[in-house]
Amino acid sequence: MITPIEKVIDLGDGRSITIETGKLAKQADGSVVVKMGNTYLLATVVSAKDATPGTDFMPLSVEYREKFSAVGRFPGGFMKREARPSDNEILVCRLVDRALRPLFPEDYHADTFVTINLISGDKEDLPDALAGLAASAALAVSDIPFNGPISECRVARVEGELILNPTRTQLAAADMEVVVGATMENILMVEGEMEEVSEAEMLEAMKFAHDAIKVQCQAQIELAEAVGATTKREYCHEENDQELFDHIKAATYDKVYEVAKAGLPKHERADKFAAIKEEYVAANYTEEDEIPAGLIGKYYHDVEKEAVRRCVLDERVRLDGRKTDEIRPIWSEVDYLPGPHGSSIFTRGETQALATVTLGTKLDEKLVDDVLNRTTERFLLHYNFPPFSTGDARASRGTSRREIGHGNLAFRALKDMLPEDYPYTVRIMSDILESNGSSSMATVCAGTLALMDAGVPIKKPVTGIAMGLITDSEKFAVLSDILGDEDHLGDMDFKVTGTRDGITATQMDIKVDGLPYEVLEQALLQAREGRLHIMDKIEETMTEPRADLKPHAPRMEKITIPKDMIGAVIGPGGKIIQEIQATTESTVTIEEDGDFGQVSISADNADSINAALAKIKGIVAVPEVGEVYKGKVKSIVPFGAFVEIMPGKDGLLHISEIEWKRLEKVEDALKEGEEVEVKLIEVDQRSGKLKLSRKVLLPRPERKPKN
């Protein structure tokens with residue numbers, strides 16, 4: 001039996017997290033098991049000894065997978081094994097990747113693979129909040145160079161109290177939840193959703209999370225010391241030429257600076273930057289020379305980055321000529337497409353989103369069958385980022401992780417604005433047609449307009465903005481509505497969405513050490529001003545949802561029936577509900593809700609809905625003695641006829657109750673399929689059988705006088 005090395009982190013509320021190493025997966029460069037209750041994560045890291053020649057970036061791959069065996073379940077599907085990662089697994093990968101990636105040394109270029117597996121779990125302790133800790137701990141006990149450790153945790157606010165790593169039950173009652181990633185000194189990543197909270201409340205949650213992360217980072221430092229992993233491997237993945245860098249900077253910096261402050265459009269600016277590099281190469285090398293293209297490209301990029309940043313910090317001039325807090329021109333339009341149930345275009349500068357809304361029934365819900373989550377979703381948001389949106393000549397190869405992540409942020413921003421009892425399944429699809437700046441925030445704005453255009457009664461409009469930061473040891477500039485280049489060359493990407501009354505979702509990545517909370521606070525306040533400016537702009541297009549759905553949108557009615565009548569509406573083998581749908585050209589779904597059944601009826605027109613509604617009401621109605629019904633003769637027997645007075649409810653019309661005169665045969669007065677008015681004269685108390693009379697509705701013949 002191997003005795004592992006362990007570190008225990010006390011969460012201060014009776015729970016603890018244990019980090020264990022030395023027992024599993026020992027051939028990996030680093031391996032740990034992180035445990036909290038019944039939740040176990042196995043995290044491993046392996047990094048190549050050398051970098052692939054020509055690689056000038058950090059080739060990091062993070063995988064997070066949840067095993068169905070972890071909770072004693074079989075995977076669904078024909079193959080009965082785990083297949084491609086679910087959206088949830090991809091989102092957790094992104095959370096971990098975004099916190100780890102900035103902390104590898106800039107000159108470390110070896111292929112590095114971080115793999116995190118959920119190997120045991122339960123329905124209460126959420127493993128995604130432990131994934132960042134597990135990945136960092138695996139790096140801590142390895143010899144891989146890493147400027148960590150880091151950790152991640154979730155903070156939720158329930159009834160005004162902040163809770164660290166809440167259970168699933170606690171999270172369901174929260175009005176704010178954020179996942180924060182940080183080192184001992186600095187916050188690196190934030191992602192979460194809120195019910196219209198203030199900027200101060202969000203900062204409080206971030207600080208609360210950071211205090212807990214410091215303890216978790218200290219535990220990793222002590223674990224690394226215990227296993228003797230404080231010395232990291234030596235490497236040499238770059239060959240540098242300081243003389244060449246100095247020469248490139250001297251020859252190009254001033255030219256780059258002039259282009260940076262010229263306020264040019266995206267493609268013209270890119271062409272001029274590229275021309276400066278080409279001119280440098282042409283002026284200093286001939287065709288016979290061996291041109292160090294890799295180093296020239298790297299050093300010219302460094303010059304470009306420095307020139308752009310200095311232009312912002314020293315002159316407060318941005319690449320497109322705007323002020324630091326200025327939003328690009330905005331225009332929007334609704335009802336652009338006649339086919340969808342709602343549509344909008346939102347354009348901000350050189351970023352454009354086309355959003356559509358589709359309304360459906362319960363049958364259109366998304367079935368979620370993740371390892372720890374089996375549910376349905378009635379609100380969907382899908383984000384597409386085709387290559388043509390940035391002018392790239394390449395094929396589109398399916399949905400990327402980036403598209404899933406950006407779509408999820410917009411989904412979280414908007415989902416709580418739909419009424420809880422809204423009967424429709426709603427799908428927003430956002431196609432990015434142009435991109436230079438945050439397309440996920442454009443999706444939020446376009447999605448809001450498309451929902452209102454569709455007549456979805458959202459509580460409030462939501463807008464979003466992406467903030468940036470450029471800083472050095474002395475100065476900083478917070479940038480509103482950042483460009484793509486400002487994101488790439490800057491120190492922060494901070495996306496904030498919200499209504500006029502508060503924040504609904506956020507996503508932040510920080511790429512610089514030592515960022516004070518005061519700077520974050522300024523970014524949040526500046527973001528609020530930007531959000532409200534954008535809100536003013538979209539409300540010039542549309543201020544509130546349409547009063548009614550589009551004419552071609554499906555109509556829906558909901559009624560509540562007793563639970564014991566559900567079977568009657570469905571009928572044997574679904575016969576009755578299928579007949580209702582076929583004859584009325586409607587869609588009918590029934591859902592149990594406690595002691596009742598919730599019946600939803602949808603169709604293209606009101607007549608179909610009313611017809612289906614009448615049939616269902618007829619089935620669930622209780623026949624009343626003394627009432628007159630128009631029924632159909634279903635069958636004839638020697639002693640009378642069975643008449644259907646309501647769907648599925650037959651009564652006996654005895655031969656003696658058909659007419660006042662004596663009949664020899666029922667067929668002398670009635671035939672099958674004939675409609676006839678009858679009165680319910682009795683309900684048998686024991687059997688519930690119905691007794692009908694026709695003759696009481698007919699004039700009684702006068703008696704002939706006796707001779």
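Positions are given from 1, in the same order as the sequence printed here. The basis for the numbers below is simple: all heavy atoms, side chains too, and nothing from hydrogens, waters or symmetry mates. Note that the structure is predicted; figures quoted are calculated from it, not measured.
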Which pair of heavy atoms, one from Ile90 and one from Arg401, lies closest together, and at what distance? CG2-CG, 3.6 Å

Side chains of Ile9 and Ile19, heavy atoms from C-beta outward: is any pair under 4.5 Å? yes

For the CD1 atom of Ile150 and the CG atom of Leu100, what is their distance to the nearest 0.5 Å? 5.0 Å

Where Val444 and Gly464 come nearest, the two heavy atoms and their spacing: CG1-N, 4.2 Å

Applying side-chain contact (heavy atoms from CB on, under 4.5 Å), run through Thr169 and Lys123 and close with a yes or a no. CA-CA 9 Å; Thr169 301; Lys123 294 183 178 180; over 6 Å; no

Gap separating the OG atom of Ser438 from the CD1 atom of Ile465, nearest 0.5 angstrom: 9.5 Å

State the CD-OG1 distance between Glu20 and Thr3, to the nearest 0.5 angstrom. 10.0 Å

Would you confirm whether Asn436, through its side chain, and Leu483, through its main-chain N or O, come within 3.5 Å as a donor-acceptor pair? no

Asp369 side chain reached by Arg73 side chain, heavy atoms, under 4.5 Å: yes

Counting distance only, does the side-chain N/O of Ser136 pair as donor-acceptor with the main-chain N or O of Gly132 below 3.5 Å? no

Is there a side-chain contact between Asn373 and Asn88, using heavy atoms and a 4.5 Å cut-off? no

Gap separating the CD1 atom of Ile5 from the CD atom of Glu225, nearest 0.5 angstrom: 12.0 Å

Compare all side-chain heavy atoms of Phe245 with those of Val303 and state whether any distance is below 4.5 angstrom. yes

Kindly compute the distance separating NE2 (His237) from OG1 (Thr55), expressed to the nearest 0.5 Å. 9.5 Å

When you look at Leu126 and Leu171, which way does the side-chain contact (heavy atoms from CB on, under 4.5 Å) test go after all the steps? CA-CA 10 Å; Leu126 300 170; Leu171 191 59; 3.6 Å; yes

Is the backbone N or O of Leu60 less than 3.5 Å from a side-chain atom of Arg101, with the two atoms forming a donor-acceptor pair by type? yes

Test side-chain contact (heavy atoms from CB on, under 4.5 Å) applied to Asn117 - qualifying residues, sequence neighbours left out: Arg65, Lys67, Thr115, Ile119

Under a 4.5 Å cut-off applied to non-hydrogen side-chain atoms, are Ser16 and Met36 in contact? no

Is the side chain of Asn240 donor-acceptor paired with the backbone N or O of Gln242 at a distance under 3.5 Å, no angle test? no

Below 4.0 angstrom, N of the basic side chain to O of the carboxylate: do Asp314 and Lys475 qualify? yes

Salt bridge present between Lys511 and Asp509 (N-O < 4.0 angstrom): no

Which ring pair (Phe, Tyr, Trp, His ring centres under 6.0 Å) pairs, counting each pair once, include a residue from residues 185-223, with sequence neighbours left out? none

Kindly indicate whether the side chain of Pro149, heavy atoms from C-beta on, has any atom under 4.5 Å from the side chain of Leu139. no

Among all residues two or more places apart in sequence or in another chain, which pass the side-chain contact (heavy atoms from CB on, under 4.5 Å) test with Pro105? Asp107, Tyr108, Pro145, Asn147, Tyr235

Residues pairing under salt bridge (charged side-chain N to carboxylate O under 4.0 Å, His left out) where one sits in residues 126-148, two or more places apart or in two chains, turn out to be Asp128-Arg154, Asp143-Arg233

Heavy atoms only: give me the nearest Leu103-Thr183 pair and the separation to one decimal. CD1-CG2, 3.5 Å

So the side chain to side chain donor-acceptor pair (under 3.5 Å) pairs with at least one residue in residues 192-206 (sequence neighbours excluded) are Arg157-Glu201, Glu193-Arg412, Glu193-Lys415, Glu196-Lys460, Glu196-Thr499, Ser198-Glu201, Glu199-Arg531

Heavy-atom nearest pair, Leu41 first then Pro127, reads CD1-O, 3.5 Å

Considering all heavy atoms of both residues, which atom of Asn38 and which atom of Asp125 are nearest to each other, and what is their separation? N-OD2, 4.4 Å

Under 3.5 Å, side chain of Gln526 to main-chain N/O of Val478, donor-acceptor pair present? yes

Would you call Lys7 and Thr21 a side-chain contact if the rule is heavy atoms closer than 4.5 Å? no

Is there a donor-acceptor pair under 3.5 Å between the side chain of Thr506 and the backbone N or O of Lys495? yes

Can you confirm whether more than 12 heavy atoms, excluding those of Tyr300, are under 6.0 Å from its OH atom? yes

For residues Arg402 and Phe385, determine if any side-chain heavy atom of one lies less than 4.5 Å from a side-chain heavy atom of the other. yes

Expected output: side-chain Glu222 to main-chain Ala219 donor-acceptor under 3.5 Å: no

Test Val92 against Ile116 for side-chain contact (heavy atoms from CB on, under 4.5 Å), laying out the working first. CA-CA 10 Å; Val92 177; Ile116 310 156; over 6 Å; no

Would you call Lys249-Glu306 a salt bridge at under 4.0 Å N-O? yes

Note: Ile470 and Gly490 closest approach over all heavy atoms is CG1-CA, 4.2 Å

Please answer whether the main-chain N or O of Gly12 pairs with a side-chain N or O of Arg15 as donor and acceptor at a distance below 3.5 Å. no

Where do Gln220 and Leu133 land on the side-chain contact (heavy atoms from CB on, under 4.5 Å) test, with the steps shown first? CA-CA 9 Å; Gln220 295 176 64; Leu133 168 62; 3.4 Å; yes

Arg94 and Tyr64 side chains, donor-acceptor separation under 3.5 Å: no

What is the distance from atom OG1 of Thr443 to atom CD1 of Ile432, rounded to the nearest 0.5 Å? 3.5 Å

Keeping Thr112 on the side-chain end and Ala110 on the backbone end, is there a donor-acceptor pair under 3.5 Å? yes

Residues at least two apart in sequence or cross-chain that pass side-chain hydrogen bond (donor to acceptor under 3.5 Å, both in side chains) with Asp472, listed by chain then number, are Arg310

Residue pair Thr18, Glu6: steps toward the side chain to side chain donor-acceptor pair (under 3.5 Å) verdict: CA-CA 7 Å; Thr18 301; Glu6 294 183 344; 5.5 Å; no

Do NZ/NE/NH1/NH2 and the carboxylate oxygens of Lys298 and Glu239 come within less than 4.0 Å? no

Main-chain N/O of Phe68 paired with Glu82 side-chain donor or acceptor, under 3.5 Å: yes

